[in-house]
Every structure is written in C-alpha cells, then in structure tokens.
Amino acid sequence: MSIAFYSPSTRAAGSDLAISISPLGLVELADEEFQVHGPRLNRYATQWAFYLGYHYGYRREPGEAQVVANYVRALTDFGINFAIGRGVTFQSAKEYAHIVPALLNRIWETDNNKPELLHEIAQQGAVSGDMFVKVAYEEAWPDPSGMWHPGRVRILPLNSSYVFPEWHPHDRERLIRVKIKYKFWAVDQTGTRSVYTYTEILTDDVIEEYINDDLIDRRANPLGRIPIAYAPNISVSGSPWGLSDCTDLIPLNRQYNETATEIADIVAYHAAPVTIISGAKASNLEKGAKKVWGGLPKDAKVYNLENGVDLQGPMEYLQWLKMTMHEMAGVPDTALGSFVPISNTSGVALSIMWQPATNKRARKLVNLTRLLKDINELALRTIFLFEPETLMYDPDTDGIIEDGQPLIINPADPLAYRTECDWPDAMPTDKLIKLNEIQMMMALGLESKRGALKALGVEFPDEKAEEIFQELKQDVIEQAALDIINAQASAAIYKETGMLPDGTPAEQQNNRTSSTPQSSGTTNSNPPAGPKAQPGPMKNILSDLIADGGSQLQSKLVTQAYGTKLPQRRNPDADT
C-alpha cells in the first residue's frame, strides 16, 4: 500500500494547520520577506506539524487504520527534559555578588515562572531550531478588584515564526533591526469580529507599532538597544539559523507510520478476509459468523482469499526504524520506558551508555547558556532603568556584603551584567555517595564548606552557611539558658533537702572534701566546695561569659530562660 505524505505547508492555507501551526497561514509576507524567510518558515511548519502529530496529508476512509506513532515528539521532549530538567542557577561577578544574584532570583522566580520559561524556550529551540526571547517591563497596575500588582520584568519567549531579524552585514551577533509580525482576532467598533495584523519594529533608537499597516505608536527605545535575545538550538557553520532536533527524525517517523499502517491493513484483512463465491449468488447467502450455507449448486465454490504475507520481516523493519530514530536523537532505547533489569552497573558504565545523550546536551547548552546570559543582561538593564532603587544594596532582600563590595551598583560597569550559568549534572546521583565524596575531600583539605554546599546544589551557599552559623549560635544560647534553669533547680533542691541532685547528702560530700590530703606547707582554710550544680560555680562561669561578651549575652540568656513579661509578636517569614 502506498501512502502520500504531503508537506504540512501545502495544506497550511486551507486547513486546521493554518491557525495552529503554519506561519504562512498567519503572516502575510512581502516578496522580499518571503525570499529571505520563506524557506525558514516552511521548515518551521513541517517540524511543528510532526511534533503536534499531523503526520498525514489526508484522511483515510472511516474504519481504516491510520497509525500515528509520534516518536518525533517523544524523543524531542526527552531531549528537552534531559537538557534542562534539573534547572539552572546563576552566578555573578564577585564585586556584585551581594546584589545581582538576588535580583536575578526575583526576576526569574517572582516576576516570572522559571521552570515554565525554561521549558518553553527549550521547546521552541528543539522544534523550530531557533530561540527568540523578548525582555520588557510591565508597569504596576490595579486589577478590577482593587488589588495592586507591582511592576515586574517580563521574559517573553517568542514564536520563531513571528520574528524577522536583520543582522549587521559583517557581524552576525549584532542585531540592527527586528520585526515582530503576526495576526490576531479582535472586535471592531461595530461589534464585528475580524482578523488584524500586528507589526512591531524595534531598533536601538526607536520602537514602532502598527495595526494593519497603520502606525499606532512611535516612541524612543529607553533601553538603547534591541530588547531581544537570540540563539540557535544547535549551531550550523556558515548559517545564521539553528538546527532542530526533529530534522533527522521526521523522514524516519514518516516511514515508520507508513509501514505500521500497512501492517495494520494486513491484520485487518486476516480479521475480515475477502470471500470468493463461484457458481452461486452472494445475495442468497447469509453473511455472519456461525452461519451454514446449504443448497449450493453442484459446481459452486466458496473460499476465502488467502494472504501469505509473513509479518516477521515488516516487524523487524519497524524495530530497525525505531532503533535508528533513537540513534539519530542520541537517546538510548531504554529511555522511553523499556524494561531494564536492575543490576550493579557502575556509574562509569552508565555514563558511557548515555554518552550520546550527554554529548548532545552539551552542544545544546552552549547556545542556551549564551541565550540566558543575554536575557540576564537585558533583564538587569531593564530593572535598573525602571526601578533605580534596585541599584542600592538592601540587607533585607540581598545577600551578605563583604569587605570591598560597593553599596551601590555602577550601571556603567560591564561587570554588573556579567553572569554565569551553573547547570547541574543531568545524570541521577546517589546522595549518600556524593556526601561521602565531599566528606573525604574536606578531610583531605581539598574542599571548603562553601564549595561543598555548591556541589550539593545550593544556589546561595553564603546565605546557607550564615543560616547554619546562626542556628548553631542559637543552640548554644538555648543550652546556656537550660544550664541556668538546671543550676537554680539544683540550688533549690539543696536548700530544701540538703541533698545533692544525685541523691548524695551534702555532709558526706563535705567530709570527702575535707579528708582530701593537702600539699605540704598549705592549710585548708577555705570552706568545702559546694555541690557540682550549686549556683556558685555557674555564677563564676556566667561572670566569665559576661566579661567576654558583655551584658547583651546576659540579657539573652535570662530572656531565653525566663521569658519576658510583655508579649512579643512573631514576624512571619518565608519558612513559616
């Protein structure tokens, strides 16, 4: 059986793909734009069609099988999750490490949804091959209920089909003009729902917006540069565009579906074979299971048309196609849920088995890292422009300031915008083994506590170390307060019963003390030592502590032991 697979762009103008997939059905391009960007948009249309499951250019008759095994999406999604599934953390230059990381954490975590953003950016790159991200500032606004929403920095992944960049003719890393163009539905003044074309043209100096070629706004670019970051999914030498993860999978998946459909037709034929009737009329014979035909003419013959096709060959061909798709995607065949017997395979052996996936991840992260660095720079420039107060160090929200670090960021300093991306290892690790390795390195003096925290995935190790120190300090204060209470309880017991806390009478303890032999030439004129838990020794210890730490420690100990007379309000924090 032969199946015709028409290109999705062929049916894009008059089918369901016109709205959901094909940019050619959404964007009206000038002749010059089509010559420059037409092949790219056609490529996007085909890749998105297969990713979303549109693998056929026609629909078969009802009841006939049309198998779609969407390995394009399965293998592409696995590559996305393998690359960014463990997330990413950002580090800044040491001069501004007390301010910039907290700002980036606010931009990605509070102003935006970091996991969703990373997945959308990586998905756009894996399918289309190109990643465009716009950075903008959303002013503070009240909603209809009266709730006030503060201003925030928006990170907006763009559909690559809507972006038409123009690079410097001699520098492909420098954007000189970007056009964003797409169609949208809206209701006009007469109440009629119509389709409009929105166009936004951005340069370093000016931003212009059009609706159906009518200029609706023209303003200066406050940032002084185009607020769009671009990176290819996988770089292609000599080409400004990137390579999609779907490119090598589409022809194999197409052939797989065609073969699977033919096998399904063979299986359906055996379930309902063609019946040959010779020398009789089929209209006189009752059809159905468990039917008996009698009274046929002498020379009549009734038999099923046999099909001697052996399915072993087609099934092996299907398995070969599937294995080839895994090899082209760099994904082990066990990654999609195949049963793997549990064994004591070493981590090195597993790393070798997953080496193709690791190599592809490394290639993707090169460009993705560059893209995130550009996004961070644009986001920091935007927040410094619209919220100048964020340039100042805020001890309530920023990190720990060290000697030599400034209280105010210089927005003209390039170091303020220099960030690094820290990608955790994609392979699963045993926490216990990791801790043992870190403990051994620290014992040998090859690792610090800060480095250990960073190796364990802590995003802000300085703040974590400070949190641990404060907790240990609080434990000491609380233990000292308990010692005060124990000492006073021991003194009260001795006063009332004359017994030491361990049940020994004080007279016996004093006798043992007085009978202790003294050194020659000395007299024991001092009174016997008091019980171990009496207030005297504790008072001396407290005096030494107070002499070293001042009266503030005494106040903390007394407050912790006896509390205060006035009620205190507990301030809620992120942990409570």
Side-chain angles (χ1 to χ4, degrees), residues 7-49 120 124 127-139 141 154-169 171-172 174-230 240-241 378 382 385-386:
S7 170
S9 58
T10 304
R11 53 191 281 248
S15 70
D16 52 351
L17 296 186
I19 298 300
S20 62
I21 296 177
S22 174
L24 296 182
L26 289 172
V27 182
E28 295 177 357
L29 302 180
D31 292 340
E32 181 180 359
E33 291 175 332
F34 186 80
Q35 291 177 3
V36 176
H37 299 284
R40 171 173 70 100
L41 300 183
N42 275 324
R43 186 171 64 249
Y44 292 165
T46 302
Q47 290 160 181
W48 276 107
E120 189 173 352
Q124 189 66 228
V127 178
S128 65
D130 301 299
M131 298 175 286
F132 293 92
V133 179
K134 181 180 178 182
V135 178
Y137 186 80
E138 183 180 285
E139 299 285 351
W141 58 281
R154 297 289 305 276
I155 299 177
L156 306 170
L158 301 177
N159 189 331
S160 303
S161 306
Y162 302 158
V163 185
F164 304 91
E166 182 179 342
W167 281 280
H168 190 278
D171 186 0
R172 286 189 304 177
R174 179 184 170 190
L175 282 171
I176 61 176
R177 184 175 181 267
V178 175
K179 177 189 289 186
I180 302 175
K181 187 175 183 181
Y182 57 87
K183 290 186 177 183
F184 67 97
W185 290 89
V187 179
D188 58 18
Q189 297 179 351
T190 62
T192 304
R193 185 173 174 84
S194 305
V195 178
Y196 296 87
T197 299
Y198 173 82
T199 305
E200 182 180 12
I201 300 176
L202 303 100
T203 63
D204 292 338
D205 303 323
V206 180
I207 298 176
E208 297 178 344
E209 295 181 83
Y210 297 85
I211 298 292
N212 290 344
D213 297 330
D214 296 328
L215 180 65
I216 62 172
D217 187 24
R218 189 178 191 275
R219 61 188 181 276
N221 187 349
L223 205 61
R225 58 177 295 179
I226 299 174
I228 292 180
Y230 165 77
W241 310 113
L378 292 173
T382 301
L385 176 65
F386 290 94

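On a predicted model such as this, the values are computed, not experimentally measured, just so you know.
- The closest side-chain donor-acceptor pair between Thr203 and Asp205, if any, does not fall under 3.5 angstrom.
- Thr190 and Thr192 share a donor-acceptor pair across their side chains, judged by distance under 3.5 Å alone.
- With a 4.5 Å cut-off on side-chain heavy atoms, Ser161 and Gln124 do not count as touching.
- Checked against side chain to side chain contact (heavy atoms under 4.5 Å, CB included), Arg172 has the following partners two or more places apart in sequence or in another chain: Pro240.
- In this structure, the side chain to side chain contact (heavy atoms under 4.5 Å, CB included) partners of Pro222, at least two apart in sequence or on a different chain, are Leu385, Phe386.
- For the atom pair CG of Asp204 and CD1 of Ile176, the computed distance is 9.0 Å after rounding to the nearest 0.5 Å.
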Worked check of side-chain contact (heavy atoms from CB on, under 4.5 Å) between Leu223 and Val135: CA-CA 10 Å; Leu223 205 61; Val135 178; over 6 Å; no
Working for side-chain contact (heavy atoms from CB on, under 4.5 Å), residues Asn221 and Leu202: CA-CA 8 Å; Asn221 187 349; Leu202 303 100; 5.7 Å; no
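- Within the 3.5 Å criterion, the main-chain N or O of Ser160 finds no donor-acceptor partner in the side chain of Ser128.
- At least one side-chain heavy atom of Leu41 sits under 4.5 Å from a side-chain heavy atom of Phe164.
- In summary, Glu209 and Arg219 engage in a salt bridge, as defined by a charged side-chain N under 4.0 Å from a carboxylate O.
- Within the 4.5 Å cutoff, no side-chain heavy atoms of Ile201 are placed close to those of Ile207.
- With sequence neighbours excluded, the residues satisfying ring pair (Phe, Tyr, Trp, His ring centres under 6.0 Å) with Phe132 are Tyr230.
- Put simply, the residue from Lys179, Lys134, Lys181 that forms a salt bridge (charged side-chain N to carboxylate O under 4.0 Å, His left out) with Glu200 is Lys134.
- The CD1 atom of Ile155 sits 11.5 Å away from the CD atom of Glu120 when rounded to the nearest 0.5 Å.
- A pairwise comparison of heavy atoms in Leu378 and Ile228 identifies CD1-N, 3.8 Å as the closest pair.
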Residue pair Val133, Leu156: steps toward the side-chain contact (heavy atoms from CB on, under 4.5 Å) verdict: CA-CA 6 Å; Val133 179; Leu156 306 170; 5.8 Å; no
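- In this structure, the separation between NZ on Lys183 and OG1 on Thr199 is 10.5 Å, given to the nearest 0.5 Å.
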Step-by-step side-chain hydrogen bond (donor to acceptor under 3.5 Å, both in side chains) determination, Tyr44 to Asp130: CA-CA 10 Å; Tyr44 292 165; Asp130 301 299; 2.4 Å; yes
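- In terms of heavy atoms, Asp188 sits closest to Ser194 at OD2-OG, 4.0 Å.
- Listed by chain and number, the residues in a side chain to side chain contact (heavy atoms under 4.5 Å, CB included) with Ile211 are Phe184, Tyr196, Tyr198, Ile216 (sequence neighbours excluded).
- Judged by distance alone, the side chain of Asn212 and the main-chain N or O of Asp214 form no donor-acceptor pair under 3.5 Å.
- Evaluation of the salt bridge (Lys or Arg N to Asp or Glu O under 4.0 Å) rule for Arg193 yields no partner, not counting sequence neighbours.
- Applying the side chain to side chain contact (heavy atoms under 4.5 Å, CB included) test to Asp213 and every residue at least two apart in sequence or in another chain returns nothing.
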